[in-house]
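We number each residue from 1, following the sequence as shown.
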Amino acid sequence: METTANTDFQKDDPKRKWIALLCFFVALTGSVLLYRDYIQSYESTGEVLATIERKDQRVRKRPSSSYVWQEATLSEEVRRKEYVRTGEGSAATVHFNNGKTLELGENSLILVDNTENLSLSFLQGTALVKEGGKDSKISKDESGNTIVEELSVQLAKPDNLETIISQGEKTEVHFSWTAQGVASKEVVLEISSSPEFKGKTTQVSVGSNNEGKLKFSAGKFYWRIKSAGVAVSAVKQFNVFELAKITPTAPNNTSVSVLSPKTQIKFKWNIPSSMNENTRGKFELELSSNEDFKNPKVIEIDPRTGFTTIQDLESGRQFWRIKSVLGSQFVTSTVANVDIKNTNQIDLKLENIKEGSVIQLEQDKPISVSWQSSVKSEEIVYELKLKQQGGSGTEKIIKTGDTVSPVFSLQPGFYEVSVSALVLDKVISTAKPVKISLLTDSVINIKSPEMKKKFEYWDESPSINMAWEKDPLVESGYQFKFEASDSVGFEKTTAEEVLGGKTEIQIKPKNKNGKTYWRVKLINPDGQTVKMSSIQQFEVLPFPPPEQPVVQGLESGGEIFKVETPNQVPVLVWNKADRANKYELQVFKVDNKNQPKLVLDKETTDLKLTLSQLEEGEYKFSVRAVDQLGRKSKMSDQKKFNVSYGNLLEAPESLTEEVQ
C-alpha cells in the first residue's frame, strides 16, 4: 500500500523563507553584539564615586552600557552608572567618596548614581547605609517599593566583613555598639552561623554596657542586637580565619645527591584538611644553613600543591620550614633538614613498566613510560628507547628533561624498553632494560559458542566447534593461535594450535565432566601476541540419571470388585519421567500382618500396565525410570489398591410366621 507524505512544508512558500531569514539575521546580530561587548576592554568613563572596601565570596560589577558582568576585586573603584551585585551567600561593603558607607547583603543589586540618596539607587535585596553615626536599613516590599528604616542601634565592632585571625585555638572577639531609646536591661547580643539566624545561635544578655566578649573557632558568623525579642540593629558579618599550620614531610633527616648546583630538589609538605578555596594568607618556604634561620632564603609557595622544586642549593646540611603569614601575624612549622651532596653518579630505574608487562594500545592515545632518577638537574637529558624485537625492528627514540614521557604511534608487538641519562651528550647512566608486549586496543570478537554454554552427552563427549571474527592484520602475515585450558589462569594448556588465517576450530574437550576455558590470540611473525580475545568458557557433562516418576494410581480410580464386574482388572498408571528409556514396575501383596510380598517385577516402555489374575487382597505398587545407559532413578512412592468381592451379604428377612 502506498503512503502519501504531507508535502505542506515542501512547498515553495516565499513568506516562510523571509521569516526564517529574518530570524537568522536577528540571532546573528545579537550574537555579534554580545561577542563584541565581551571581548572589548572593561572600561567605564564615568566619575569615580566609591570603592569596594570589603567583599565576601562572589561580588560582580558592570557598566550600565555593558551586558557582561566581571568579578570585582578589593579596593576596586566604582564609577557612576555602574552596577554592583552580590551573589548567594555573598556580601560587600562599598565606601563612597562623600563619607557614606553601603553594606550590601546577599543577592543584592545597586546602580551607583544618586549618592546623596542611596535608596534611589537600590534595586534588589537588602542594604545598610551608614552616615553620620546613623544606620538606615533599605529593603523592598512585596510590591517592589523601597522601604527605608532608621535603626535605633548602630553596630560598631567588629565591622561588617571584618577578618579576625585565629592560630588554632578559640579567639576572643570584642563586640561594641551604640543605642538610642532602647531599655538597657532588655538588650541581647545574638550571634549565629546563619544570616537568617536559623542555624546555631547564641544569645547573651549584656545590660547597659553596650559591649560584650566571646570566644570563637574559625568560621563565618553573623551578629545583631535584639530588644524585647525584636531586632533593633542591622545584621553584620565577621569571619574568623585560622592560620593553616603546614608540616614538612620530605626531604627530612636524609641526604640527596646532586649533579651540580643547578639540580632541582623537590620539597613536600602535608595539605591540611581545613584548607579550602577560602583559605587566606601568604605561605613561604624558608631555607637556611643554620637552625636559627638567620638570613634565610625565602620562596613563596602555594600550599595546595603539596610540593615545590628549588635549585641552586649549596652542598651541606640545609634546614627548612614553612611560614604561614596573614597580616602581621604568622605561624611557623616544625623544622626539617636535608644533607645535599655533590655527585657524578646517577641511578636510573624504569618505574611504571616491568619485565613481561602486557600493555593495551588505545587508538590515538600514547603509552606513558616513567622512571626514577637519583639526581634531578637541568643538565640531564634522558633518552628513552623502545626497540621492536624481530619483524621490522623499528626503534623509537625520545629525548626529554622529564622523568616521564608519552610515546605515540607504536605498532603492536614485542619491545625492549631502556632509558639513559646524558650530560653534554655523554651517557652517564642506563637503567636495566625490560621487555614488554603491546596489544591493540580492540579484542578478537567471539562468535560461538556463547559464554558458559553447557553441552550434555550420553555415551561420548561431543566435539565443540568454536568460531571468531576475521581480522585485517591476517593479511599482513599475522596468524590466529588457539589455546584451551582446564584453569582460567591458563597455567597449563590442554590444547594449543596455530591456525593461520582460519577463524574456527573443532575440539573434543579432554575434561569430560567439567569446565574448559579457551581464548584466541593474534600473533605477529615472531610469535608475539598483539591481540587477544576475552577468556571464554563452556562446560561438558554427561546427562544426569532420569527423574523419578510420579505414580497416579489406578486408571479406574477406586477398588476392584470382581463380583460386580467380573471382567474388570486393575490398570496401573504413572507420569512420564525426563530422560527415561523404560520403566521398572514392582507390585506387592500385603498380608494380614502388613508384610508385603513381591508378586510382580516387570519392565515396560509404556506409562501404564494392566494386571490380571490377582487374588483378593490389598496391594501396593511403585515405579522407577531407566535411561538408555541403564541408569535407574529412585523408586516412586508406593500406591495402594484393593481387589475384593465386595462386602458380605446381609441375612434375609423372614416374611411368614414361624412353623412349629
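A cation-pi arrangement, defined by a distance under 6.0 Å to the six-membered ring centre and an angle within 45 degrees of its axis, is absent between R519 and F482. The cationic group of R321 lies under 6.0 Å from the six-membered ring centre of F293 and within 45° of the ring axis, placing it in a cation-pi geometry. A cation-pi arrangement, defined by a distance under 6.0 Å to the six-membered ring centre and an angle within 45 degrees of its axis, is absent between K639 and F621.
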Check residues 448-466 and write down every donor-acceptor pair under 3.5 Å in which the side-chain atom is one partner and the other belongs to a residue at least two apart or another chain.
from	atom 1	to	atom 2	distance (Å)
Y457	OH	K512	O	2.8
N465	ND2	E504	OE1	3.3

Side-chain donor-acceptor distances from residues 330-337 under 3.5 Å, at least two apart:
from	atom 1	to	atom 2	distance (Å)
S333	OG	I322	N	2.9
S333	OG	I322	O	3.4
N337	OD1	R317	NH1	2.6
N337	ND2	N253	OD1	2.7

Could you pull out all donor-acceptor pairs under 3.5 Å where a side-chain atom in residues 346-359 meets a protein atom, sequence neighbours excluded?
from	atom 1	to	atom 2	distance (Å)
E351	OE1	S370	OG	3.4
E351	OE2	Q372	NE2	3.2
N352	OD1	S370	N	2.9
N352	OD1	S370	OG	3.3
N352	ND2	S368	O	2.6
E355	OE1	K435	N	3.0
S357	OG	K354	N	2.9
S357	OG	K354	O	2.6

Give every donor-acceptor pair under 3.5 Å between a side-chain atom in residues 469-479 and any protein atom, sequence neighbours left out.
from	atom 1	to	atom 2	distance (Å)
E469	OE1	N445	ND2	3.2
D471	OD1	L473	N	2.9
D471	OD2	K531	NZ	2.5

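In this structure, the side chain of S90 engages the main chain of R58 through a donor-acceptor pair within 3.5 Å. A donor-acceptor pair under 3.5 Å is formed between the side chain of R579 and the backbone N or O of P545. Between the S418 side chain and the L386 main chain, no donor and acceptor come within less than 3.5 Å of each other. Of the possible donor and acceptor atoms, none in the side chain of Q536 sits under 3.5 Å from a partner among the backbone N and O of Y517. With hydrogens and angles disregarded, no donor-acceptor distance shorter than 3.5 Å links the side chain of S289 to the backbone of Q318. The closest donor-acceptor contact from the side chain of D606 to the backbone of K608 lies at 3.5 Å or more, if one exists at all.
With Y382 as reference, S373 is the one residue of S429, S405, S373, S420 to meet the side-chain hydrogen bond (donor to acceptor under 3.5 Å, both in side chains) rule.
The pair E584-K602 fails the salt-bridge criterion, with no side-chain N (NZ, NE, NH1 or NH2) lying under 4.0 Å from an Asp/Glu carboxylate O. E483 and K521 are joined by a salt bridge, as a carboxylate oxygen and a charged side-chain nitrogen come within less than 4.0 angstrom of each other. Classification of K510 and D486 as a salt-bridged pair fails, no side-chain N sitting under 4.0 Å from a carboxylate O. Of the charged side-chain nitrogens involved, none lies within less than 4.0 Å of a carboxylate oxygen, so that K387 and E416 do not count as a salt-bridged pair.
Here CD1 of I299 is found 4.0 Å from CD1 of I310. Values are rounded to the nearest 0.5 Å.
For W320, the ring pair (Phe, Tyr, Trp, His ring centres under 6.0 Å) criterion is met by F267, not counting sequence neighbours. When the ring pair (Phe, Tyr, Trp, His ring centres under 6.0 Å) test is applied to F588, no partner is found at least two apart in sequence or on another chain.
Under a cut-off of 6.0 angstrom, the local environment of NZ in K597 is sparse, with at most 12 non-hydrogen atoms contributed by other residues, nucleotides or ligands. Within a 6.0 Å radius of CD in Q537, more than 12 heavy atoms belonging to other residues, nucleotides or ligands are found.
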